[in-house]
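Structure, as structure tokens:
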Protein chains: 2
Amino acid sequence: MSLAEPASLPDLRLELAPPDVEAPLAVAVLLADRNRATILAILREGPHCVCELAAALDERSNNVSNHLARLRDAGLVRAARPAADTRRVYYERDEAACTAALAQLNNLLEPIR
Amino acid sequence: MSLAEPASLPDLRLELAPPDVEAPLAVAVLLADRNRATILAILREGPHCVCELAAALDERSNNVSNHLARLRDAGLVRAARPAADTRRVYYERDEAACTAALAQLNNLLEPIR
DNA sequence: GAGATATATCAGCTGCGACTGACACACTCT
DNA sequence: AGAGTGTGTCAGTCGCAGCTGATATATCTC
């Protein structure tokens, strides 16, 4: 294995430059909240409006609205008002953006080669 | 698209059961810290000891040690003491565990089909 | 041996993000 | 028109995760 013991230990390498992790970090921060993660999971099945999500999460709708705004700003979900009742706002996942987000996490977690 | 407007809007569905997101959430929480994300990125290249990581991150070693303990508890990294200097602790990624963690995030982000 | 080095643990502090509550606005229904 | 519904914004509060500083242990170097 890669931790096999050499006869002599290499010198300390204190000059390592930290790699840029901004993009995967931003995705992880978005997913690292139970309500946002659950919202993304629920929306896999199809679009839902804010009050449906709030009921499923047992959270106030303004709180859910805030989380949806975060996800929308990141591009992971889209909003649309149905013509039949323009009070409601239905949210659906942007699958392309979700796939792109997953690719960022891939960069962090997959082996180097 | 899936948000095409039907003639009539479906009734509100307020009985939705929230799906279980514990596993992907735990992974996301681990990755949602800049230091931990950077540690995982640095360790892609190979094993490093705590003080090397602390230097690269410009953080105190006790802080880095704490983050490494979190990653180790989650199984994402392993620790080993080299016989040549047992003061140091070299950490390396557990690639199988990282791949498994990525699969959890996959469950959350990939399209339903 | 003395002093320096490397890691880890722990109590305490602090900043940030999630939640609350109040409010605003637009629309639907009767 | 008036009441009710659905969503969004914002200031304020609060809990918690990350950082600090002190301390402990063990090892290496001289």
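Computed over heavy atoms, backbone and side chain alike; hydrogens, waters and symmetry mates excluded. Order of the sequence lines sets the chain letters (A, B, ...), proteins ahead of strands, with each chain counted from 1. Note that this is a predicted model, so its numbers are computed, not measured.
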**OP:** Under 4.0 Å between any heavy atoms, over every strand shown, what does A:Arg70 touch: base, sugar-phosphate, or nothing? Just pick one.
**Re:** sugar-phosphate
Subject >> Toward the 5' end of DNA chain C, by each residue's nearest nucleotide, A:Arg60 or A:Arg36 >> reply: A:Arg36
**OP:** Using only heavy-atom distances, decide whether a donor-acceptor pair under 3.5 angstrom links the side-chain of A:Asp33 to the base of C:dG17.
**Re:** no
**OP:** Please report, rounded to the nearest Å, how far the P atom of C:dG17 is from the NE2 atom of A:His67.
**Re:** 13 Å
Original post:
Under 3.5 Å, side chain of A:Thr99 to main-chain N/O of A:Glu95, donor-acceptor pair present?
Top reply: yes
Original post:
Less than 4.0 Å between a side-chain N and a carboxylate O, is that true for B:Asp85 and B:Arg88?
Top reply: yes
Original post:
More 5' along DNA chain C: B:Val89 or A:Ala32, using each one's nearest nucleotide?
Top reply: B:Val89
Original post:
Roughly how many Å is it from CG in A:Leu53 to P in D:dG8, rounded to a whole number?
Top reply: 11 Å
Original post:
Whole-Å distance between D:dG12 C1' and A:Asn66 CG?
Top reply: 14 Å
**OP:** Please state whether the base of C:dT5 and the side chain of B:Arg87 form at least one donor-acceptor pair under 3.5 Å?
**Re:** yes
Original post:
How many Å lie between CG on A:Asn62 and P on C:dA22, as a whole number?
Top reply: 11 Å
Subject >> A:Arg88, nearest nucleotide to its side chain (from C:dT7, D:dG6, D:dT27) >> reply: D:dG6
Original post:
When you measure from the side chain of B:Arg44 to the backbone N and O of B:Arg93, does any donor-acceptor pair fall under 3.5 Å?
Top reply: no
Original post:
Less than 4.0 Å between a side-chain N and a carboxylate O, is that true for B:Glu52 and A:Arg13?
Top reply: no
**OP:** Check whether any side-chain N or O of B:Asn35 sits under 4.0 Å from OP1 or OP2 of D:dC19, and answer yes or no.
**Re:** yes
Subject >> Distance, rounded to the nearest Å, where A:His48 contributes NE2 and D:dG6 contributes P >> reply: 16 Å
Original post:
The side chain of A:Asp85 lies closest to which of these nucleotides: D:dT7, D:dC19, C:dT28?
Top reply: C:dT28
Original post:
Does B:Thr86 put a side-chain nitrogen or oxygen below 4.0 Å from OP1 or OP2 of D:dC28?
Top reply: yes
Original post:
What's the CZ-P distance between B:Arg81 and D:dA26, to the nearest Å?
Top reply: 10 Å
Original post:
B:Ser61 near the nucleic acid: base, sugar-phosphate alone, or nothing, with a heavy-atom cut-off under 4.0 Å?
Top reply: base
**OP:** Can you tell me the distance, in whole Å, between the OH atom of B:Tyr90 and the C1' atom of C:dA8?
**Re:** 18 Å
Subject >> Rounded distance (Å) that lies between atom P of D:dG4 and atom CG of B:Leu12 >> reply: 18 Å
Original post:
Above 12 or not: heavy atoms from other molecules or residues under 6.0 Å from CG of A:Asp58?
Top reply: no
